[in-house]
Amino acid sequence: MSLLELIAAADERALAASGVACLDRCLPQPADGADQDPFRPLWVGCAVADEWQDRLAEARAVLDDLPPGTDGAVPAIRKLLGEAPAERTDPGLRAWADACSSLALEVHLGQDATPGAGAELLRRCREGDPAGAGPLVAGEVRRQIRILEMLAESGAAAAGLRQVLDASTEGQRVLRAATARRARGRGPDSE
């Protein structure tokens with residue numbers, strides 16, 4: 001199944017978890033002394049539907065506490081967290097998870113060594129045709145598909161969320177490493 005088909009078929013738990021995973025992967029390396037895992041409370045909200053609203057508020061507060069000069073994907077992540085439905089049963093959850101998926105792919109495209117055709121390339125990747133995608137985008141599409149498949153297979157089991165968190169953390173490390181390599185390659189004089 002394509003990424004879009006998996007999002008269309010996902011249940012509320014899978015939508016919440018896949019959306020959180022996408023946003024979590026896009027977070028930049030935390031500054032010294034900052035919360036190293038600002039979305040940990042939100043992962044609990046993925047496991048326990050009744051806690052989603054409170055945990056969402058906690059995650060929003062942590063992101064709001066980041067310094068104003070924080071750039072990269074943080075403003076877009078803040079915006080998406082602000083738009084997240086307060087209830088996991090909200091019909092808007094699917095659109096929110098879809099927007100999180102799109103943001104993650106856009107962030108990966110921006111860091112890819114061989115950026116492709118932008119929005120058209122990302123649309124094709126999400127529909128199941130990754131031809132022409134660079135390694136970061138192609139890897140992110142595969143990761144999102146794997147995460148949604150894991151969530152579908154695990155049902156309500158907490159072990160499924162642990163596997164998703166592990167896969168997402170690995171993706172976060174890959175993206176942060178690519179971002180750091182790109183920053184070193186640019187140097188202070190090339191900005």
Side-chain angles (χ1 to χ4, degrees), residues 3 17-44 46 55 58-84 96-126 130-148 150 161-191:
L3 179 55
S18 67
V20 170
C22 286
L23 296 182
D24 200 11
R25 283 192 300 281
C26 294
L27 286 171
Q29 182 69 40
D32 290 338
D35 188 340
Q36 297 296 306
D37 195 2
F39 282 178
R40 180 148 314 275
L42 201 46
W43 283 104
V44 173
C46 293
R55 301 304 182 140
E58 287 178 46
R60 288 173 177 157
V62 170
L63 249 57
D64 286 344
D65 287 344
L66 290 177
T70 305
D71 57 359
V74 173
I77 294 170
R78 274 189 189 119
K79 180 180 182 296
L80 280 172
L81 274 182
E83 295 170 355
W96 178 77
D98 186 67
C100 295
S101 166
S102 292
L103 174 64
L105 288 169
E106 290 167 14
V107 169
H108 282 74
L109 180 65
Q111 296 300 321
D112 220 325
T114 55
E120 176 60 23
L121 172 68
L122 297 183
R123 181 192 60 75
R124 283 195 335 267
C125 286
R126 295 178 87 226
L136 285 177
V137 170
E140 176 62 11
V141 169
R142 286 191 304 271
R143 189 172 298 104
Q144 288 187 30
I145 288 171
R146 189 171 77 241
I147 284 171
L148 285 162
M150 284 190 287
L161 280 179
R162 182 71 228 171
Q163 292 172 329
V164 167
L165 180 57
D166 290 345
S168 189
T169 300
E170 178 59 28
Q172 185 182 66
R173 282 193 287 268
V174 168
L175 182 60
R176 287 178 177 174
T179 302
R181 275 193 303 277
R182 249 188 113 166
R184 282 192 307 270
R186 281 194 303 252
D189 296 328
S190 61
E191 291 185 25

**Report entry** H108 side, atom NE2; C26 side, atom SG - distance, nearest 0.5 Å
**Finding:** 6.5 Å
**Report entry** Under 3.5 Å donor-acceptor, R25 side chain and A21 backbone
**Finding:** yes
Query raised in the report: Can you name the residues that form a side chain to side chain donor-acceptor pair (under 3.5 Å) with R146, not counting sequence neighbours?
Result: none
Query - Residues that R176 engages under salt bridge (charged side-chain N to carboxylate O under 4.0 Å, His left out), provided they are two or more places apart - result: none
Query raised in the report: Among all residues two or more places apart in sequence or in another chain, which pass the side chain to side chain contact (heavy atoms under 4.5 Å, CB included) test with A76?
Result: L103
Query raised in the report: How far does CD1 of I77 sit from CG of D24, to the nearest 0.5 angstrom?
Result: 8.5 Å
Query raised in the report: Taking the side chain from R60 and the backbone from R78, do they hold a donor-acceptor pair closer than 3.5 Å?
Result: no
**Report entry** Residues in side chain to side chain donor-acceptor pair (under 3.5 Å) contact with R126, at least two apart in sequence or another chain
**Finding:** D98, S101, S102
Report task. Go through L165 and R40 one step at a time and tell me if the side-chain contact (heavy atoms from CB on, under 4.5 Å) criterion holds. Result -> CA-CA 10 Å; L165 180 57; R40 180 148 314 275; 4.0 Å; yes
**Report entry** Minimum-distance pair of heavy atoms, taken over all atoms of L109 and G118
**Finding:** CD2-CA, 3.6 Å
Query raised in the report: Once you round to the nearest 0.5 Å, how far does CD of E140 lie from CG of L122?
Result: 10.5 Å
Requested in this report: For residues C125 and V137, determine if any side-chain heavy atom of one lies less than 4.5 Å from a side-chain heavy atom of the other.
Outcome: yes
Report summary line: Taken to the nearest 0.5 Å, the spacing of T179 OG1 from R184 CZ works out to 10.5 Å
Query raised in the report: What distance do L175 atom CG and L27 atom CG have between them, rounded to the nearest 0.5 Å?
Result: 10.0 Å
Query raised in the report: Is R143 reaching over with its side chain to a backbone N or O of S168, donor-acceptor style, under 3.5 angstrom?
Result: no
Query raised in the report: Mind checking whether L23 and C100 have side chains closer than 4.5 Å, heavy atoms only?
Result: yes
Query - Heavy-atom donor-acceptor pair, W96 side chain to L80 backbone, under 3.5 Å - result: yes
Query raised in the report: What residues, two or more places apart in sequence or in another chain, satisfy side chain to side chain contact (heavy atoms under 4.5 Å, CB included) together with P41?
Result: R55, E58
Query - Partners meeting side chain to side chain donor-acceptor pair (under 3.5 Å) with Q29 (sequence neighbours left out) - result: none
Report summary line: Residues passing the side chain to side chain donor-acceptor pair (under 3.5 Å) test with R142, sequence neighbours excluded, are none
Query - Under the side chain to side chain contact (heavy atoms under 4.5 Å, CB included) test, residues paired with A59 that sit two or more places apart - result: F39, L42, L81
Query raised in the report: Heavy atoms, side chains only, cut-off 4.5 Å: are Q144 and C22 in contact?
Result: yes
Report task. Work out which heavy atom in A131 is nearest to a heavy atom in L121; give both atom names and the distance. Result -> O-CD1, 3.6 Å
Query raised in the report: Of all residues at least two apart in sequence or in a different chain, which pass the side chain to side chain contact (heavy atoms under 4.5 Å, CB included) check with A17?
Result: W43, C46, L151, L161
Query - D166 and R162 ion-paired at < 4.0 Å - result: yes
**Report entry** L136 side, atom CG; R182 side, atom CZ - distance, nearest 0.5 Å
**Finding:** 9.5 Å
